[in-house]
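The structure under discussion appears below in the form of structure tokens.
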Amino acid sequence: MHNIKDIRKNFEDFKKSMELRNTDLDFENILSLDEKNRALIQEKENLEKEKKNISKSKDEKLFAKSKEISTKIDDLSKKQHSIKKQLDDILSSIPNIPLKDVPIGKDENDNKEILKVGEIKNFAFKPKSHYEIGEKLNMLDFDLATKTTGSRFVFVKDKLASLERAISNFMIDTHTKINGYTEISPPLMVTDETMFGTGQLPKFENDQFEIKFDEKEGRKFLIPTAEVILTNMVKNQIINLNSLPIRVVASTPCFRKEAGSYGKDTKGMIRQHQFYKVELVSIVENSNCIDELERMTNSATMILDKLKLPYRKIILSTGDMGFSAEKTYDIEVWLPSENKYREISSCSSCGTFQARRMKARYKNKENVTDFVGTLNGSGLAVGRTLIAILENYQTEDGSVQIPDVLKPYMDNIDKISIN
RNA sequence: GGAAGGAUGGGUGAGCUGGUUUAAACCAGCGGUUUGCUAAACCGCCGUACGCUUGAAAAGGUGUACCGAGGGUUCGAAUCCCUCUCCUUCCGCCA
């Protein structure tokens with residue numbers, strides 16, 4: 001969320017940034033609401049001062065007048081709150097401003113590749129898709145999921161279920177032992193306020209699963225990514241400088257409605273309503289965001305290096321970035337059956353954008369309170385890593401080799417084959 | 001689910017028989033003195049948000065609100081009343 005003061009001050013810059021992000025806004029309305037709001041605050045504060053003086057004087061003759069002032073204040077207060085709410089509603093739906101080095105563009109076609117790693121294997125046969133491999137092995141069962149739950153879910157069985165768990169454990173171990181992250185096992189449900197903090201609400205409510213809870217309770221949602229709950233660990237607090245940076249990692253299921261992607265990736269487990277993801281979150285001094293983003297992205301690619309999966313790193317254009325991001329790297333893994341790279345991780349710096357929404361602050365070196373910087377990245381999407389291993393490590397007879405680094409997690413077996 | 005107690009600044013914690021509280025004190029933090037360095041000691045500063053204002057800016061000045069959240073009583077609420085949330089302890093139930 002943006003500070004209205006900054007918008008007021010750098011209005012033209014702000015306008016331009018929003019155009020880069022294809023955001024259509026009624027800029028004049030923002031300014032006029034802001035002015036009205038401030039005028040009402042002034043009026044109200046003057047009355048409050050008068051009232052305060054009367055009560056201090058303890059002059060009984062003025063008591064009646066004080067009462068009169070109270071009703072006026074109530075009235076002004078209501079007006080001001082309504083204006084402020086209108087303003088906040090608009091502000092809370094405005095995306096973050098891209099950093100200067102983010103390529104300007106309309107959509108994903110304007111993203112820029114910046115790195116390509118690993119050798120793409122030349123198969124002597126036509127490589128099968130992950131779902132063909134999985135179904136042949138009898139270890140991916142989409143029909144069973146349809147029967148019990150619905151579309152876009154899957155049963156992972158037997159050795160593939162172990163492999164999925166192995167992937168997750170391997171990632172967590174790498175991030176905790178080598179990359180300096182602390183493991184967290186968080187709640188998978190959050191309040192609406194928490195969803196607001198990271199930017200899922202109010203604008204993207206349609207993508208979220210809401211849980212029916214007791215009437216009395218506030219609203220609760222299933223997390224669409226652990227980013228939501230890990231980032232919000234610092235909400236509504238002022239952190240000591242010496243406890244920064246905070247680096248946490250969690251492996252959690254993620255729940256997404258995938259509204260608006262009806263035709264996309266209907267086959268296989270590329271796009272599911274529920275999937276496991278290992279998520280990295282960093283809370284840093286806001287001046288360290290850029291460095292931390294590189295560090296985080298390197299932590300994510302380290303996994304692919306160790307798994308010996310070919311990948312590329314791209315920087316998202318202004319038109320393709322997520323709502324809260326100021327700069328995003330996507331990491332895409334090679335899928336032989338599709339003959340192209342597919343997203344397996346997305347690492348973003350959000351600057352102070354989420355911190356403002358969460359009111360997450362710290363005391364900087366000058367002892368001045370300032371908003372923290374927040375970053376999040378997948379390290380990596382577990383389901384898609386499973387897919388990548390199935391496809392890249394497949395052999396002609398339908399079995400799948402186990403990547404060396406995962407063998408210790410799989411009873412040191414070499415491959416998974418048809419029973 | 002029942003009963004009792006509690007929630008105060010970054011932390012600990014007084015105030016809670018309405019008006020010298022304009023939120024004490026301690027710790028942490030920041031600045032300084034001393035010092036070969038560290039430590040210690042001593043001195044000073046130190047809540048948050050928003051408005052107005054001086055200034056090119058950095059940084060000041062000033063006002064209002066805020067003592068878990070929201071309402072109420074009152075000329076006046078951290079303090080009294082109501083509702084809710086969360087925490088602690090005890091009882092019951094339970095993986």
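- Rounded to a whole Å, the CG atom of A/N236 is 19 Å from the P atom of B/U85.
- Of the options A/E343, A/E294, A/E113, a salt bridge (Lys or Arg N to Asp or Glu O under 4.0 Å) to A/K313 is made by A/E294 and by none of the others.
- Using a 4.5 Å cut-off on side-chain heavy atoms (C-beta onward), A/I387 and A/R342 make no contact.
- Salt bridge status for A/D74 with A/K78: absent, with no side-chain N to carboxylate O gap under 4.0 Å.
- Comparing the P positions of B/G44 and B/A25 gives an interatomic distance of 12 Å, to the nearest angstrom.
- A/R295 contributes a side-chain N or O that, together with a main-chain N or O of A/N179, makes up a donor-acceptor pair within less than 3.5 Å.
- Going from the P atom of B/A24 to that of B/G11 covers 16 Å, rounded to whole Å.
- Taking the P atoms as reference points, B/U79 lies 16 Å from B/U74, given to the whole Å.
- Comparing B/A23 with B/U64, their P atoms are spaced 12 Å from each other, to the whole Å.
- By the ring pair (Phe, Tyr, Trp, His ring centres under 6.0 Å) test, A/Y311 is found to be paired with no residue, residues two or more places apart in sequence or in another chain being considered.
- Regarding contacts with the backbone of B/G76, a side-chain N or O of A/K51 is found under 4.0 angstrom from either OP1 or OP2.
- Rounded to a whole angstrom, the distance from the P atom of B/A78 to that of B/U20 is 10 Å.
- Scanning all heavy atoms of the two residues, the minimum distance from A/V249 to A/Y181 falls at CG1-CB, 3.7 Å.
- Atom CD in A/E43 sits about 13 Å away from atom C1' in B/G51, given to the nearest Å.
- Residues forming a side chain to side chain donor-acceptor pair (under 3.5 Å) with A/E132 (at least two apart in sequence, or on another chain): A/S129.
- A straight line from CG of A/D370 to P of B/U48 spans 11 Å, rounded to a whole angstrom.
- The distance between atom CD1 of A/I73 and atom C1' of B/U74, rounded to the nearest whole Å, is 14 Å.
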Its contact letters, B for base, S for sugar-phosphate only and - for none at protein heavy atoms under 4.0 Å, make nucleotides 52-64 of chain B read S----------BB
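- The P atoms of B/C80 and B/G5 are separated by 13 Å, rounded to the nearest whole Å.
- For the residue pair A/T176/A/E183, the side-chain donor-acceptor check at 3.5 Å is not satisfied.
- In secondary-structure terms, RNA chain B builds stems of at least 3 consecutive Watson-Crick or G-U pairs, each pair having both distances under 3.5 Å, at B:1-7 with B:85-91, B:10-12 with B:25-27, B:29-33 with B:41-45, B:47-54 with B:59-66, B:68-72 with B:80-84.
- The gap from the P atom of B/G92 to that of B/C82 amounts to 30 Å, rounded to the nearest Å.
- Distances shorter than 4.0 Å separate none of the side-chain N or O atoms of A/R361 from OP1 or OP2 on B/G47.
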Let's go through A/V281 and A/T374 carefully: what are the C-alpha distance in whole Å and the side-chain angles of both, what is the deciding distance for side-chain contact (heavy atoms from CB on, under 4.5 Å) to 0.1 Å, and is it a yes or a no? CA-CA 7 Å; A/V281 162; A/T374 64; 6.0 Å; no
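- Summary of the strand contacts: A/A64 and A/T369 both lie near RNA chain B, and taking for each the nucleotide with the nearest heavy atom, the more 5' one is attributed to A/T369.
- One can place CZ of A/F371 at 13 Å from P of B/G10, the figure rounded to the nearest angstrom.
- For the pair A/L62 CG and B/U74 C1', the interatomic distance rounds to 16 Å; values are reported in whole Å.
- Annotation: cation-pi geometry not satisfied between A/R165 and A/Y409 (NZ/CZ under 6.0 angstrom from ring centroid, within 45° of ring axis).
- Applying the ring-ring contact (aromatic ring centres under 6.0 Å, His included) test to every pair with at least one member in residues 137-156 of chain A, sequence neighbours left out, gives these pairs: A/F153-A/H273.
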List the protein contact pattern of nucleotides 16-32 of chain B with one symbol per nucleotide (5' to 3'): B for base contact, S for sugar-phosphate-only contact, - for none; contact means a heavy-atom distance under 4.0 Å. ---B---------BS--
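- More than 12 heavy atoms of other shown residues, nucleotides or ligands fall within 6.0 angstrom of atom CZ in A/F14.
- Comparing B/G68 with B/U85, their C1' atoms are spaced 8 Å from each other, to the whole Å.
- Atom CD in A/Q80 sits roughly 10 Å away from atom P in B/G51 (whole-Å rounding).
- Rounded to a whole Å, the CZ atom of A/R356 is 15 Å from the C1' atom of B/U48.
- The residue among A/I238 and A/D74 whose nearest nucleotide of RNA chain B is located toward the 5' end is A/I238.
- By the 4.0 Å N-to-carboxylate-O rule, A/D143 lies too far from A/K147 to be salt-bridged with it.
- Within 4.0 Å of A/K84, counting heavy atoms only, lies no atom of the nucleic acid at all.
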